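Treat the numbers as computed from the prediction; the structure is a model and nothing was measured. When a residue number appears, it is its place in the shown sequence, counting from 1. Just so you know, these numbers use all the heavy atoms, side chains as well, and skip hydrogens, waters and symmetry mates. Whatever order the structure lists ligands and atoms in, that order sets their numbers, starting from 1.
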Amino acid sequence: MKKINLTELIKNSIIKKNGISLSEYMKMCMTHPKYGYYTKKYPIGFKGDFITSPEISQMFGELIGLWIVKVWMDHDKPSNFSLVELGPGNGTLMADILRATRNIPEFHKSLKITLVEISPALQKLQKKVLKNYQINWKNKLNKLPNIPTTIIANEFFDAFPIEQYIFKKSKWLEIIVSLKNFKNKNSNEFCFGLKKIAKPPDELSSLNNEENQIYEVSPEIKKNIIYLSKHLKKNRGACLIIDYGKNNNLGSTLQSIKNHKYSNPLENQGESDLTSLVNFRAIKDYAENYNLVVTDLVDQGDFLNTLGIQERFVALSENMEKEKIALHLSSLKRLIDKNQMGKLFKVIGIRNRNSLPLVGLEHK
Ligand code: SAH
């Protein structure tokens, strides 16, 4: 019998349904319970497909730790405080947050930590890295404890499946993933196709449509933002989202990365990282529906500078061996320089209307 793999599974689904939505394709590629990219790989780090800010320097997590302590203080130091991280990857960010804040015992004692991680392999790694802490793991965002909460998400939402739509000849069409040749049973070549739809998603129905314009929508991001907005509204607290993205839903932003290089998103299913640019405008709209304050987008470089990354850089340099300083400096630059991650990555905060402005995001 022929061994079934992810490509075959996707192909079968395409044949059965005469093409599948891009979001269904991405979901199977990224989080299929057996063959998905995140399910079976350790994708993050120098040996993986991509490197994230917490992996570049400990300064990133340390400053976010301070940001969280400030939110805790601004909520009158509650004795039970929920700290939630979405998509914690290798566990580095949470480890740095907890290490940087350990000399505030009252804060540590208050923490109820939840990590939301879909990948069993990464959960296992996180359990090892964070073995000294009491932590609750979940594979999706739901049922958080009803206490003041801070939710953080670094490079989480770019990993979410998206749908794409195009407006052609006064009609909405959905861009789907299909097979190049349905007749040839041995062909595994996928292609994009178009499917007529009765009604576009709500996000698109009010738009001034332009011929041949592609629009992106992520129902899964919407679901998560609505959950966390309701939760923050009810329990107070804040949310910090850091990602690469923009303030609209225009154009196709789907990309595929394998071994630090761009690749074809319709090849190497489960082996390459599929992402898209996060639409911060949509996140803002979803959360504002719950009467929350959503900050404007702030560049990662500006955010980290306001939190004191330069001072932290100097403090760490003082005890550093000479040979390590060059790497330390290049890590700083990578995080904050405009032509590196400093501008490409954006930060957005969400909070209750009656709580204090968020440091680094609201008062400069
Ligand atoms: N925040 C980390 C990792 C970013 S990669 C860092 O900055 O290094 C994205 C992370 O989100 C991974 O841990 C991945 O397994 C997780 N993830 C992706 N899709 C998810 C989903 N739908 N639900 C929960 N976790 C998910």
Among all protein non-hydrogen atoms, which one is nearest to atom 25 (N) of ligand 1, and what is the separation to 0.1 Å?
Ile118 N, 3.3 Å
Which residue from Tyr38, Tyr42, Tyr37 reaches closest to atom 5 (S) of ligand 1 through any of its heavy atoms?
Tyr38
Answer with yes or no whether the side chains of Asn352 and Lys233 bring together a donor and an acceptor at under 3.5 Å.
no
Closest non-hydrogen atom pair, Ser23 against Pro161
O-CB, 3.4 Å
Protein heavy-atom partner closest to atom 22 (N) of ligand 1 - residue, atom, separation in Å:
Phe160 CZ, 3.8 Å
Considering only the protein, which heavy-atom contact is closest to atom 4 (C) of ligand 1, and what is its distance?
Glu155 O, 3.3 Å
Taking the basic N atoms (NZ, or NE/NH1/NH2) and the acidic carboxylate oxygens, is any pair closer than 4.0 Å for Glu24 and Lys17?
yes
Atom 7 (O) of ligand 1: closest protein heavy atom, distance to 0.1 Å, is Asn154 ND2, 2.7 Å
Does ligand 1 have an atom that lies less than 4.0 angstrom from a heavy atom of Glu117?
yes
To which protein heavy atom is atom 3 (C) of ligand 1 closest, and what is the distance rounded to 0.1 Å?
Gly87 O, 3.3 Å
Leu93 to ligand 1, any heavy atom closer than 4.0 Å
no
Minimum-distance protein heavy atom relative to atom 8 (O) of ligand 1
Thr52 OG1, 2.5 Å
